[in-house]
Amino acid sequence: MTDAAPPRASRGGWRVATVASVQRPIERAVALRLDVADRIDHLPGQHYVVRLTAPDGYTAQRSYSVASAPDDPQVELFVERLEDGEVSTYLADVVEPGDVLEVRGPIGGWFVWDGSTPALLVGGGTGVVPFVAMLRAARDLDRTDLLRIAVSTRTLAGLPYADELVAAGALVITTREPRGIRPAGRLTDADLIPLWEPGQTAYVCGSTSFAEAASQLLIGMGVPAPAVRIERFGPSG
């Protein structure tokens with residue numbers, strides 16, 4: 001049973017970040033690489049808030065998970081473009097290298113991984129982003145053996161960091177198209193049972209509906225509730 005407290009995570013205040021690069025790895029999304037002034041090292045699983053301020057003083061801010069490893073000199077944020085998203089549409093459509101953003105982070109102390117304990121990572125769609133940070137940290141530490149990853153996505157082409165996750169041996173389930181000999185379908189307990197071992201912490205990240213369904217699968221398998229950590233997001237999250 002895994003119910004130990006999460007590792008101590010640093011929390012940063014507002015900083016100035018310069019956009020180093022803008023990449024669009026999948027449709028309706030952008031990956032921003034940022035040079036953050038006076039940056040505080042993060043733990044995999046933490047996030048940053050990006051704040052935009054209009055000329056009239058109106059502000060809007062949203063949180064985005066960090067995809068980069070702690071040893072990466074830059075902070076990488078993955079942003080899904082939402083049609084009614086005040087912040088995401090600006091970051092995806094307007095921001096260019098050299099632009100300056102206001103950011104606050106790293107933030108979060110519960111949904112973090114310290115690189116020394118076994119973990120089962122269960123992600124839905126863009127919910128895989130914090131798991132990419134965990135995977136990259138594990139590679140830097142030469143401890144990828146500690147992580148087992150299961151991912152649910154509508155299509156492989158719509159999965160952030162798909163190549164990286166597949167190369168790491170992640171189980172990828174597609175719900176809108178067949179993959180290999182497996183027909184399209186949802187993630188099931190039969191998928192997760194082979195990945196679970198006593199002593200793991202289970203991390204679940206995705207939409208509210210996905211997080212609820214996946215966490216219930218884990219509990220139904222007999223995973224102790226204190227061993228399950230959940231991060232949910234919604235259209236304005």
Side-chain angles (χ1 to χ4, degrees), residues 2-12 15 17 20-21 23 25-26 29 31-36 38-50 63-80 103-151 153 159-172 195-197 199-206 211 214 227-233:
T2 302
D3 57 3
R8 183 175 178 83
S10 298
R11 183 182 180 94
R15 301 278 195 281
S21 69
Q23 300 176 341
I26 65 172
L32 303 177
R33 300 274 298 176
L34 307 177
D35 289 313
V36 180
D38 301 319
R39 174 189 158 201
I40 296 175
D41 288 343
H42 67 277
L43 285 174
Q46 290 189 291
H47 62 273
Y48 270 75
V49 174
V50 178
S63 297
Y64 298 103
S65 294
V66 180
S68 46
D71 288 344
D72 191 324
Q74 295 177 328
V75 171
E76 182 173 331
L77 303 181
F78 184 90
V79 179
E80 181 181 13
V103 301
R104 180 164 62 91
I107 298 171
W110 173 247
F111 199 80
V112 295
W113 182 65
D114 68 356
S116 67
T117 55
L120 171 60
L121 315 180
V122 184
T126 56
V128 302
V129 175
F131 299 152
V132 172
M134 296 179 188
L135 174 60
R136 290 172 172 178
R139 282 204 304 262
D140 289 345
L141 297 168
D142 197 23
R143 292 308 312 268
T144 55
D145 60 297
L146 291 173
L147 300 181
R148 295 185 178 184
I149 308 172
V151 174
T153 180
L159 177 65
Y161 305 99
D163 291 344
E164 193 169 349
L165 290 163
V166 170
L171 171 67
V172 179
L195 302 180
W196 171 257
E197 289 184 356
Q200 289 176 326
T201 300
Y203 295 81
V204 178
C205 186
V228 181
R229 297 180 184 167
I230 303 170
E231 182 94 340
R232 300 178 177 89
F233 59 79

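Since we're looking at a predicted model, the values are computed, not measured. Only this structure's heavy atoms are used, side chains among them; waters, hydrogens and symmetry mates stay out.
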State whether the side chain of Arg15 and the backbone N or O of Gly105 hold a donor-acceptor pair below 3.5 Å, judged by distance alone.
no
Please step through side-chain contact (heavy atoms from CB on, under 4.5 Å) for the pair Val103 and Val49, ending with a clear verdict.
CA-CA 5 Å; Val103 301; Val49 174; over 6 Å; no
For the student: nearest non-hydrogen atoms of Trp196 and Ala227, plus distance:
CH2-CB, 4.5 Å
Supply the atom-to-atom distance Asp35 CG to Gln74 CD, rounded to the nearest 0.5 angstrom.
4.5 Å
Do you know the tightest heavy-atom contact between Ala150 and Leu195?
CB-CD1, 3.8 Å
For Pro130, the side chain to side chain contact (heavy atoms under 4.5 Å, CB included) test, sequence neighbours excluded, returns Ser65, Phe111, Cys205
Who are the salt bridge (charged side-chain N to carboxylate O under 4.0 Å, His left out) partners of Arg33, not counting sequence neighbours?
Asp72, Glu76
Pro106 versus Gln46, closest heavy-atom pair with distance:
CB-OE1, 3.4 Å
For the student: nearest non-hydrogen atoms of Tyr48 and Ile40, plus distance:
OH-O, 4.0 Å
Here the gap from Arg136 atom CZ to Asp71 atom CG, rounded to the nearest 0.5 Å, amounts to 13.0 Å
What residues, two or more places apart in sequence or in another chain, satisfy salt bridge (charged side-chain N to carboxylate O under 4.0 Å, His left out) together with Asp145?
Arg143
Have a look at Leu159 and tell me which of Val172, Val166, Thr126 forms a side chain to side chain contact (heavy atoms under 4.5 Å, CB included) with it.
Val172
How far does OH of Tyr161 sit from CG of Leu135, to the nearest 0.5 angstrom?
11.5 Å
Say whether, by atom type as modelled, one donor and one acceptor occur between the side chain of His42 and the main chain of Gly12 under 3.5 angstrom.
no
Roughly how far apart are Tyr64 OH and Ile107 CD1, rounded to 0.5 Å?
13.0 Å
Indicate yes or no for a side-chain donor-acceptor contact from Tyr203 to the backbone of Val112 under 3.5 Å, with no hydrogens or angles considered.
yes
Which residues pass the side chain to side chain contact (heavy atoms under 4.5 Å, CB included) test with Ile26, not counting sequence neighbours?
Ala29, Phe78, Pro160
Trp113 vs Leu147, test: side-chain contact (heavy atoms from CB on, under 4.5 Å). Steps then yes/no.
CA-CA 10 Å; Trp113 182 65; Leu147 300 181; 3.6 Å; yes
Interatomic distance, OG1@Thr201 vs CG@Leu146, rounded to 0.5 Å, equals 11.0 Å
Please check this pair: side chain of Glu231 against backbone of Gly45, looking for a donor-acceptor N/O pair closer than 3.5 Å.
no
Under the salt bridge (charged side-chain N to carboxylate O under 4.0 Å, His left out) test, residues paired with Arg139 that sit two or more places apart
Glu164
Arg39: partners by salt bridge (charged side-chain N to carboxylate O under 4.0 Å, His left out), with sequence neighbours left out:
none
Pairwise distance CG(Leu171) to CG(Leu165) - rounded to 0.5 angstrom:
11.0 Å
Looking only at heavy atoms, what is the nearest atom pair of Pro44 and Pro70, with distance?
CD-CG, 3.7 Å
